[in-house]
Amino acid sequence: NWTITSLVALCESERMEVEAVVNETMPVAITADEYSVCVGNAVGLTVTSEDNDYDYTWKWLDTNGVQQTLTGASISPVVGQGTTFTVEAVNPNTGCFTQEEVFIDVVGVGEIPIYPVTMSICVGEVVELHAGQIKHTFNDTITDWTFTNNSTPAPGVATSVADWKQVPSPYTLADNATSNDASTFMITMADPLGPASQVNTEMISPGINLVGVQDAELEFYHFYKHHTTKSTTAQVEVSDDAGLTWSTLETYTTDRGTATDFEKVTIDLNPYLGAANVQIKFSYTGSWGWWWAVDNVSVSQSYMNGQVVWDNDGIGIQNLYLDEQATISYQGQPTNIVYFKGEDAGIFEFDANLLISGCADPVNNSVVIEVNKADKPQGDTEQEFTAGARVADIDVTGSNLMFYLLVDNEYVRQSINADLINNQTYYISQRIGECTSEFLEVTVSFVCPDPTNLSVTVDLSQDGVT
């Protein structure tokens, strides 16, 4: 019932009635079986509404940062980390749309790393077993790190000269650089790219699961040589979404460490706790500079709602100790670190079980240790020789034999070409793999040889005169 007025006369047509229909967008409500579940368990999610015509689509990001979708009023996804689930409701008849979200928390941890995972030692050696530590020594073949090289070399120079690569200590091409444990380490070099070049290399770690972790710390050793007039930048970066986005942890634009004293760096990773796929990146960029060497990258973790206990494949805890001298026996109490002593040759497997409060099944991982023994060489403990015989003439059976004399209470190694010494005791060991045997003690004595090339003349006499 509109009334139209004007200062001048108006013409008006017949009126037509129009019916407008306004559809109400009805809200939705989400309910969950549980709002906190154990890591790796499924959660039941249900959405309801007074609008019975709604079509529902659920969306969330998995532990790798990839969006997942499911349809229907009820779903049961597996939860690997604290996750926000969003449900979208669309009425296909009216086009009305609404959405709602719910956060599902997790209890427990995604995984429990152990260092080492496998190891070969010799009888009598002690090795530390650390649950909650990820360590990359770069001493073996690397299969789990990612390397990129987008450098621009000088004309005629291969881009690959700047690749991250494993090199031995000392490394002659980088001031005889020697890592903190004098072992193989990683290095990327701008120097060989040549004049007017640009370096751009990355070394990216495998994913680290920090779900359920109370504290996490990154540690590494490095030697960064900076060129003041041809500037380069070394950066340590972190991603908590499987490498989709990166944040800077540390930036280096001056010398750090030296060729014989790699700098130790520790960085707090607590801002990234709860993420299931954390990665660390070592990024080296800039112009024609020097190099960046990195070694022994590790992440140590402690857990907020669990305790680690150890056992020997379910049958006991023999040969485990609480101290590195292997004097205090482990009795099954919670601890992240134990020490194994190889008393006998064989293969030993130990399980680290993280008992989670509120979860039925523990999170576990295992370590396998091979204990090797090199037996003493075989041979007589007393052997006779003539003057002029050499150490190599001692009759013993073994591999990679080593000969010693005890001089002033110290074992002094002898050359196999050295002359034997009369009435001396030689201490002989053999080396099999990385293991050295106990000594076989052989006492050497000289004897006179039987005469040779002699001519004997016999004269007979009846009276002693003629």
Side-chain angles (χ1 to χ4, degrees), residues 108-109 111-141 180-184 209 213 217 219 296-303 306-357 361-378 398-400 402 411 427-441:
V109 300
E111 61 184 37
I112 176 171
I114 295 181
Y115 183 81
V117 177
T118 61
M119 176 165 278
S120 180
I121 65 172
C122 303
V123 167
E125 290 185 348
V126 177
V127 60
E128 179 186 278
L129 309 182
H130 192 157
Q133 184 182 60
I134 301 168
K135 188 171 184 178
H136 300 274
T137 62
F138 306 117
N139 294 333
D140 301 314
T141 301
N180 64 296
D181 59 354
S183 68
T184 302
N209 195 323
V213 174
E217 183 178 75
E219 177 183 292
N296 295 318
V297 179
S298 64
V299 175
S300 298
Q301 308 170 9
S302 61
Y303 304 100
Q307 296 180 316
V308 177
V309 295
W310 299 78
D311 69 57
N312 183 2
D313 200 20
I315 61 174
I317 50 177
Q318 298 90 341
N319 299 339
L320 292 184
Y321 298 87
L322 294 174
D323 62 318
E324 58 184 334
Q325 291 76 31
T327 60
I328 306 172
S329 296
Y330 172 66
Q331 301 296 330
Q333 60 268 53
T335 178
N336 280 28
I337 299 175
V338 293
Y339 297 86
F340 169 78
K341 183 175 182 180
E343 302 283 3
D344 301 295
I347 296 178
F348 300 83
E349 181 174 356
F350 293 92
D351 295 325
N353 301 290
L354 183 60
L355 307 176
I356 307 299
S357 176
D361 299 322
V363 179
N364 54 55
N365 204 343
S366 62
V367 54
V368 176
I369 304 173
E370 180 182 11
V371 181
N372 301 296
K373 181 179 181 181
D375 293 324
K376 287 193 300 184
Q378 299 296 308
S399 301
N400 303 311
M402 294 171 286
Y411 292 100
Y427 299 84
I428 307 166
S429 65
Q430 67 171 329
R431 189 170 182 84
I432 300 177
E434 298 297 321
C435 300
T436 301
S437 72
E438 297 177 355
F439 286 125
L440 169 68
E441 299 179 18

- Message: Run the side chain to side chain contact (heavy atoms under 4.5 Å, CB included) test against L322 and tell me which residues pass, sequence neighbours left out.
- Response: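 Listed in chain order: I328, Y330, Q333, T335.
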Using 0.5 Å steps for rounding, measure from the [atom1] atom of [X] to the [atom2] atom of [Y].
X: I428; Y: E441; atom1: CD1; atom2: CD; answer: 10.0 Å
X: Q307; Y: N336; atom1: CD; atom2: CG; answer: 10.0 Å
X: D311; Y: D351; atom1: CG; atom2: CG; answer: 5.0 Å
X: L129; Y: W310; atom1: CG; atom2: CH2; answer: 5.0 Å
X: H136; Y: I134; atom1: NE2; atom2: CD1; answer: 6.0 Å
X: I369; Y: F348; atom1: CD1; atom2: CZ; answer: 9.0 Å

- Message: So for atom CD, which belongs to Q133, do other residues, nucleotides or ligands contribute more than 12 heavy atoms lying within a distance under 6.0 Å?
- Response: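 Result for CD/Q133: enclosed.
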Side chain proximity check, [X] to [Y], heavy atoms < 4.5 angstrom:
X: E219; Y: S300; answer: no
X: V126; Y: Q325; answer: no
X: E370; Y: V368; answer: no

- Task: Determine yes or no for a side-chain-to-main-chain donor-acceptor pair under 3.5 angstrom, with S437 supplying the side chain and Q430 the backbone.
- Result: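 Between the backbone of Q430 and the side chain of S437 there is a qualifying donor-acceptor contact (under 3.5 Å).
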- Sub-3.5 Å donor-acceptor pair from the side chain of E434 to the main-chain atoms of I432, do we have one?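 No, the answer is negative, given that no donor and acceptor are paired below the 3.5 Å cut-off.
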- Task: Please collect all side-chain hydrogen bond (donor to acceptor under 3.5 Å, both in side chains) contacts where either partner lies in residues 114-130, sequence neighbours excluded, each pair once.
- Result: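 Matches after skipping sequence neighbours: S120-N372, E128-Y339.
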- Message: Is there a side chain to side chain contact (heavy atoms under 4.5 Å, CB included) between V117 and V367? Walk through the geometry before answering.
- Response: CA-CA 5 Å; V117 177; V367 54; 5.8 Å; no
- How far apart are the C-alpha atoms of I121 and F340, what are their side-chain angles, what is the distance that settles it, and do they pass the side chain to side chain contact (heavy atoms under 4.5 Å, CB included) test? CA-CA 10 Å; I121 65 172; F340 169 78; 3.9 Å; yes
Quick one: closest heavy-atom pair of [X] and [Y], and the distance?
X: L355; Y: P362; result: CD2-CB, 3.7 Å
X: V213; Y: N209; result: CG2-O, 4.2 Å
X: Y321; Y: T327; result: CD2-N, 3.9 Å
X: T436; Y: A374; result: C-CB, 4.1 Å
X: E438; Y: K376; result: O-CG, 3.4 Å
X: A345; Y: K373; result: CB-CB, 4.0 Å

- Message: The criterion is salt bridge (charged side-chain N to carboxylate O under 4.0 Å, His left out); which residues satisfy it with E217, sequence neighbours excluded?
- Response: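 With sequence neighbours excluded, E217 shows a salt bridge (charged side-chain N to carboxylate O under 4.0 Å, His left out) to no residue whatsoever.
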- Query: Going through the checks in order, is the side chain to side chain contact (heavy atoms under 4.5 Å, CB included) test met by I112 and Y303?
  - Reply: CA-CA 9 Å; I112 176 171; Y303 304 100; 3.9 Å; yes
- Message: Consider side chain to side chain contact (heavy atoms under 4.5 Å, CB included). Of N365, N364, V308, V309, which one does L354 pass it with?
- Response: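 That would be V308.
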- Message: Angle between ring planes, F439 versus Y427, binned at 30° and 60°: parallel, tilted or perpendicular?
- Response: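 Plane angle over 60°, so perpendicular.
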